[in-house]
Amino acid sequence: MDPKSIGVGEEIVPPGEAEEISRELAINLSLLNTKVRPVLRGEHPKSDGAVRAEFEVLDDLPEALKIGVFRVPARYPAVIRFSNGRATDDNQGDIHGMAIKLFGVSGERALESDRTATTQDFVLADDPVFFIKNVKEYLYFSRLVFQARSSLWGKIVFIIKLIFSRSSPWPSLKRAISKKPDSPLRTAFWSQTPYRLGERAVKYHARPDLSLTPAPAPSRSPNKLRIATAEHLREHESSFDFMIQFQTDPIADPIEDPTVIWDENRSPFVKVATLRIPRQVFDVESMNAFGERLSFNPWHTLVEHAPLGGINRARKAIYEAMSIKRRELDGFPLDEPVASDIPAV
Ligand code: HEM
């Protein structure tokens, strides 16, 4: 398809992508460490806390936004899992995740295997863009990572190709993995990749209300993100504005390239919901175990918010297979949970 002829919200699937996704999945499965219990996620293995929350859809949304979960004003119980991308020591730079699961959301689902589910996930990270633009380049990157893990020569090749190759993702990756937040509750997160909103396309953004969450006392603990969250929530609530940004121009705001920021001057983020995190004690065995048994997946969604673009098409096969594998090994349930499964602590 001629890229100039594409419309708002349209995807362009490049030839060979399905095969690349199968290869990418095979690499992901082969790198999953199945020796530890519970089996850690292949990405974002370290949880900085799974907390209870409430997602309140605003009651004065304009008609254009009243779609899917935003159709009517409502309050959904939610769980948020905060995570590190790779780092086991929170003092190291890293990318961080905020995975949100709403409960009690009914409607047609994007995944056939999710037919009876009533959850809606939003998977966000603390950088506005993803570091790689499409599945082909992601597969190239994953193969280098795979070789780097297998031999010293692989490591050398990885460093040379990553840093010195033309159109290297390194500058973007380096920026993304250099984040050193003092608390997940004070961090801004983005979906990076686009999603449908009815006929149109949007990106998501969660912006913390800093007036509710002052900076924590300085700490050098390797678990300082979990500690800061637990200490704040023991006495006080926190809150995020949940926002969406419309795609306005199919070329300038591409669907198929999440390395591109959609210009906020042309299309500012607008608030559609408040994500309230009440005062609570969450760092206990039952809640930690619940967070680990969950599967957050951008494809756990109403069809009105179906994920868009190649990176999200790859995530469809990969998240499902990877989370099934780890949960089967752990003996965790595979069905999506309901609100009454959230531990009451
Ligand atoms: C092709 C690209 C990607 C691949 C292959 C990939 C792979 C994965 C895998 C295998 C998991 C663990 C799933 C599980 O076991 O439940 C995961 C988790 C996660 N990914 Fe991705 N991912 C990709 C892109 C992205 C993007 C664009 C974002 C940006 C928001 C992202 C953010 C996250 C987060 C926050 C988690 C942790 C979710 C949780 O707390 O359970 N990923 N990813």
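Values reported hereafter were calculated over all heavy atoms of this structure, with side chains retained and with hydrogens, waters and symmetry mates removed. Just so you know, ligand 1 is whichever comes first in the structure, and atom 1 is the first atom listed for that ligand.
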Could you list the atoms of ligand 1 found under 4.0 angstrom from a heavy atom of Val123?
30 (C), 32 (C), 33 (C), 34 (C), 35 (C)
I'd like to know if Arg326 and Asp330 make a salt bridge, using a cut-off of under 4.0 Å between side-chain N and carboxylate O.
no
So which heavy atom in the protein is nearest atom 24 (C) of ligand 1, and how far is it from that ligand atom?
Arg315 NE, 3.4 Å
If you count the atoms of ligand 1 from 1 in the order shown, which ones are under 4.0 Å from a heavy atom of Ile311?
1 (C), 2 (C)
Starting from atom 10 (C) of ligand 1, which protein heavy atom do you reach first, and at what distance in Å?
Met322 CG, 3.7 Å
Gly97 heavy atoms, cut-off 4.0 Å: which ligand 1 atoms fall inside?
35 (C)
Return yes if a side-chain donor-acceptor contact under 3.5 Å exists between Ser83 and Asp48, otherwise no.
no
When you check the side-chain N and O atoms of Asn28 and Glu24, is any donor under 3.5 Å from an acceptor?
yes
min-distance protein heavy atom vs atom 9 (C) of ligand 1 -> Glu43 CG, 3.7 Å
With ring-ring contact (aromatic ring centres under 6.0 Å, His included) as the test, would you mind laying out the steps for Phe122 and Phe55 before giving the verdict?
CA-CA 11 Å; Phe122 299 108; Phe55 189 88; 5.7 Å; yes
Tell me yes or no: between the side chains of His232 and Ser238, is some donor less than 3.5 Å from an acceptor?
yes
Could you identify the single nearest non-hydrogen protein atom to atom 39 (C) of ligand 1 and state the distance to 0.1 Å?
Arg81 NH1, 3.3 Å
Is the contact between Pro258 and ligand 1 made by the side chain, the backbone, both, or neither, using heavy atoms and a 4.0 Å cut-off?
neither
Verify the ring-centre separation between Tyr195 and His305: is it less than 6.0 angstrom?
no
Going by the order shown, which atoms of ligand 1 are within less than 4.0 Å of some heavy atom of Gln192?
26 (C), 27 (C), 28 (C), 29 (C)
Which part of Leu124 is near ligand 1, with near meaning a heavy atom under 4.0 Å away: side chain, backbone, both or neither?
backbone
May I ask you to identify the nearest protein heavy atom to atom 22 (N) of ligand 1, giving residue, atom name and distance to one decimal place in Å?
Tyr319 OH, 2.9 Å
Check: Gln280 side chain, Leu233 main-chain N or O, donor-acceptor pair, under 3.5 Å
no
Would you check if the side chain of Asp114 reaches a backbone N or O of Ala117 as a donor-acceptor pair within less than 3.5 Å?
no
Salt-bridge criterion met for Arg279 and Glu237 (N-O under 4.0 Å)
no
Who's the nearest protein heavy-atom neighbour of atom 37 (C) of ligand 1, and how far?
His44 CB, 3.4 Å
Heavy atom under 4.0 Å from ligand 1: found in Ala99's side chain, backbone, both, or neither?
side chain
Looking only at protein heavy atoms, which one is nearest to atom 4 (C) of ligand 1, and how far off is it?
Tyr138 OH, 3.8 Å
Name the closest protein heavy atom to atom 14 (C) of ligand 1, giving the residue it belongs to and the distance to 0.1 Å.
Arg326 NE, 3.5 Å
So the atoms of ligand 1 within less than 4.0 Å of a heavy atom of Ser191 turn out to be 29 (C), 30 (C)
Between Asn223 and Asp90, do the side chains contain a donor N or O and an acceptor N or O under 3.5 Å apart?
no
